[in-house]
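Down below is the structure, laid out as structure tokens.
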Amino acid sequence: MSILVNKDTRLLVQGITGNEGLFHSKQMLAYGTKIVAGVTPGKGGEWVLDGKVPVFDSCKAAVNATGANASIIFVSARFAPDAIFEAADAGIPFIVCITEGIPVQDMMRVREYLDQKGARLLGPNCPGLLTPGEAKVGIIPGDIAIPGNVGCVSRSGTLTYEVLYALKLVGMGATTCVGIGGDPINGTNFIDCLRMFEDDPHTEKVVMIGEIGGTDEEKAAEFIAKHMTKPVVSFIAGQTAPPGKRMGHAGAIIEGGSGTAAEKIKALEAAGVKVARHPEEIPDLLK
Amino acid sequence: MKLHEYQSKQIFARYGIPIPKGRVASTASEARQIAEELGGRVVVKSQVLVGGRGKAGGIRLAKSPKEAEEVATQILGMEIKGLPVRKVLVDPAANIDQEIYLGITNDRAARRPVLMASAAGGVDIEEVARTHPEKIIKVHIDPLLGLRDYQARDIAIGIDLPKEYWKQFIEICHGLWRAYVECDATLAEINPLVILKEKSLLAVDGKMLIDDNALFRHPDLAEMRDVDEEAPAETEARKYGLSFIKLDGNIGCMVNGAGLAMTTMDIVKLFGGEPANFLDIGGGASAEKVAAALRIILSDKNVKAILFNVFGGITRCDEVAKGILAAMAEVQPNIPMVVRLVGTNAEEGRRLLADAKMITAETLADAARKAVAAAQA
């Protein structure tokens with residue numbers, strides 16, 4: 001079992017003929033993900049990936065022809081908001097946006113619109129998600145995780161890979177690993193994922209990887225205290241980050257003295273969460 | 001990206017917000033000339049990208065053009081919080097009755113822009129937010145609908161603005177909203193917006209922050225960037241698409257991925273060291289990027305050791321190792337290098353680097369310990 005994606009997910013790739021889109025589509029296909037269609041305006045009618053995947057000019061045409069029920073976006077920041085709107089208007093209920101660098105005001109409009117449409121967005125500026133052994137929707141390297149009973153949710157990419165890999169080395173695996181992305185305004189947050197993991201019968205424990213900036217970890221801590229029966233282990237990156245500086249991710253910034261790692265760790269510990277001092281402690285804390 | 005006061009106010013003026021008639025000067029004689037043109041008392045204001053200019057003596061009143069020249073001479077020779085003053089704004093002095101705060105920013109938690117005002121203007125608004133939050137009136141704006149008249153009116157009522165100013169105030173709110181949206185600002189702030197003795201409103205000071213991610217559609221704004229506020233290495237890093245932030249320690253860090261880069265700094269500190277920087281080299285690790293990153297790290301003379309921490313996912317570790325070796329051959333650093341490679345083909349990558357006499361590590365903790373020891377040796 002898993003959350004959000006599984007072996008039945010019918011995936012559409014927006015920007016499938018671009019360098020990144022094509023490269024990662026190949027990787028996803030090799031992992032066993034069902035890619036049913038690609039979209040690149042102007043390239044409709046072509047076939048890619050050894051003739052396995054048809055390309056359409058629009059999301060609407062792709063959905064009509066293939067019944068795609070999830071989309072992943074590999075489109076540059078300039079065009080990504082439009083790609084998200086297009087996917088939502090085509091009726092796709094789950095949209096993953098890998099793109100980094102989308103202007104924050106665009107994301108506010110996107111999020112408002114998607115909420116009205118009832119579509120779920122994961123990202124942007126995220127590595128996507130992986131349900132080991134079933135489906136990889138995004139760029140998480142498939143071979144670093146094995147199926148298991150740990151649900152993972154994270155704001156960071158490579159840091160997540162670290163954790164998945166550390167778990168794999170001790171024989172622990174994941175139900176689903178979700179990268180929610182490093183932007184200040186995103187589609188899916190910690191609480192959304194925690195709720196889904198709490199409801200997923202195969203997830204027995206959860207790893208939550210946060211970082212400085214915003215108050216999502218504090219809100220997640222409140223949710224955990226009130227609603228989670230499953231144990232949660234956490235790590236928060238950025239304890240040595242200086243205030244007022246954006247640490248790579250657009251959302252990783254201590255503003256007006258708020259959003260520090262110390263505040264987040266305090267809130268999580270108060271909610272009964274075990275917080276690792278560094279990522280390699282996580283497997284032990286899960287035992 | 002931060003804009004100067006004079007730049008922000010020029011933008012506000014384009015959106016119909018009334019600003020003082022002053023101009024910017026980079027020499028004292030220019031300041032005198034502007035003061036002569038304006039006539040009467042003027043305010044000479046340092047243009048640097050930090051708060052607290054007034055307290056630092058960077059904003060001064062002058063009663064005559066001669067005095068404006070003297071004051072400008074002093075201010076143009078100053079450094080405020082480490083930043084040199086290269087320009088002054090010479091504005092006519094205003095006859096102020098009351099000072100108001102008015103600003104629009106992104107409310108991250110609400111995922112919406114928020115319009116804020118306070119009758120306690122002219123002071124640090126974050127200080128007001130801490131000590132008297134009830135004095136700040138806020139309204140969230142639907143990003144799809146935009147600011148509504150009634151919302152601006154509610155704010156005017158909330159700060160007890162006399163009725164005679166409502167019409168002008170609502171126009172200023174709309175101007176500020178349009179400036180915020182059309183410039184992709186993350187903050188557009190008038191502090192203070194003043195009620196003049198002449199019975200009208202005037203934006204005496206202004207500040208804008210622009211979303212770096214949106215600069216691709218604002219080439220005119222991108223040109224306004226003042227690199228004085230950045231460490232030179234940060235400006236250099238941006239050219240190579242590297243995300244770099246200078247810190248005060250002596251262990252240089254080079255990492256792929258922002259979260260992992262922060263974690264690497266944290267673990268260095270956890271094991272008793274001090275990180276010299278944050279550096280995210282992004283996906284993969286081409287020789288060209290690694291070489292640029294190495295040069296930037298080594299430009300800091302405090303750096304006594306470098307810790308590479310790379311997770312090889314889709315980019316395999318042996319490829320990363322080759323990139324590192326090519327960069328080393330080009331830059332030839334003479335301080336100890338600790339490399340931790342993990343993930344796909346890690347063993348092969350480590351073998352390549354060990355042959356090149358680099359210190360290798362398997363775990364994060366091990367890498368941090370070795371880097372701390374190397375920096376102390």
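The sequence lines fix the lettering, A, B, ..., with proteins before strands; numbering per chain opens at 1. Note that this is a predicted model, so its numbers are computed, not measured.
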Item to check | Residue B:V181 versus chain A: region with a heavy atom under 4.5 Å | outcome: both

Item to check | Cationic N near anionic O, under 4.0 Å, B:R111 to A:E112 | outcome: no

Checklist entry - Side chain, backbone, both or neither: which part of A:I236 has a heavy atom under 4.5 Å from chain B? => result backbone

Item to check | Aromatic plane relationship, A:Y165 with B:F311 - under 30° parallel, 30 to 60° tilted, over 60° perpendicular | outcome: perpendicular

Checklist entry - Can you say whether A:E255 sits under 4.5 Å from chain B via the side chain, the backbone, both, or neither, judging by heavy atoms? => result side chain

Checklist entry - So what's closer than 4.5 Å to chain A heavy atoms on B:F244: side chain, backbone, both or neither? => result neither

Checklist entry - Where does B:L364 contact chain A at under 4.5 Å (heavy atoms): side chain, backbone, both or neither? => result both

Item to check | Proximity breakdown for B:T264 and chain A, heavy-atom pairs closer than 4.5 Å | outcome: neither

Item to check | Main-chain N/O of B:A365 paired to A:E280 side chain as donor or acceptor, under 3.5 Å | outcome: yes

Next on the checklist: Heavy-atom cut-off 4.5 Å, strictly under: side chain, backbone, both or neither for B:N277 against chain A?
Outcome noted: neither

Checklist entry - Using a distance-only test with no angle check, is there a side-chain donor-acceptor pair under 3.5 angstrom linking B:D266 and A:T240? => result yes

Item to check | Presence of salt bridge, A:R109 and B:D142, under 4.0 angstrom | outcome: no

Item to check | Contacting moiety of A:R111, where chain B heavy atoms sit under 4.5 Å | outcome: side chain

Checklist entry - What heavy-atom pair brings A:G101 and B:N213 nearest, and what distance separates the two atoms? => result O-CB, 3.3 Å

Item to check | Per-residue contact mode, B:L247 against chain A (heavy atom under 4.5 angstrom) | outcome: side chain

Checklist entry - Counting N and O atoms only, with roles assigned by atom type, does the side chain of B:T263 sit under 3.5 Å from a partner on the main chain of A:A237, one being a donor and the other an acceptor? => result no

Next on the checklist: Does A:D115, at its CG atom, have more than 12 non-hydrogen atoms belonging to other residues, nucleotides or ligands within less than 6.0 Å?
Outcome noted: yes

Checklist entry - Can you name the closest pair of heavy atoms from B:P143 and A:M108 and give their distance? => result CG-O, 3.6 Å

Item to check | Part of A:E100 lying under 4.5 Å from any heavy atom of chain B | outcome: neither

Item to check | Which atom of A:V104 lies closest to which atom of B:D211, heavy atoms considered | outcome: N-OD2, 2.7 Å

Item to check | Side chain, backbone, both or neither of A:K168 within contact of chain B (heavy atoms, under 4.5 Å) | outcome: neither

Checklist entry - Considering all heavy atoms of both residues, which atom of B:G259 and which atom of A:L159 are nearest to each other, and what is their separation? => result O-CD2, 3.8 Å

Next on the checklist: Heavy-atom pairs under 4.5 Å with chain B - which of A:M247, A:K245, A:M107 has more of them than the others?
Outcome noted: A:M247

Next on the checklist: I'd like to know if A:R246 and B:E234 make a salt bridge, using a cut-off of under 4.0 Å between side-chain N and carboxylate O.
Outcome noted: no

Next on the checklist: Please identify, among A:G251, A:P279, A:A166, the residue contributing the most non-hydrogen atom pairs under 4.5 Å to chain B.
Outcome noted: A:G251

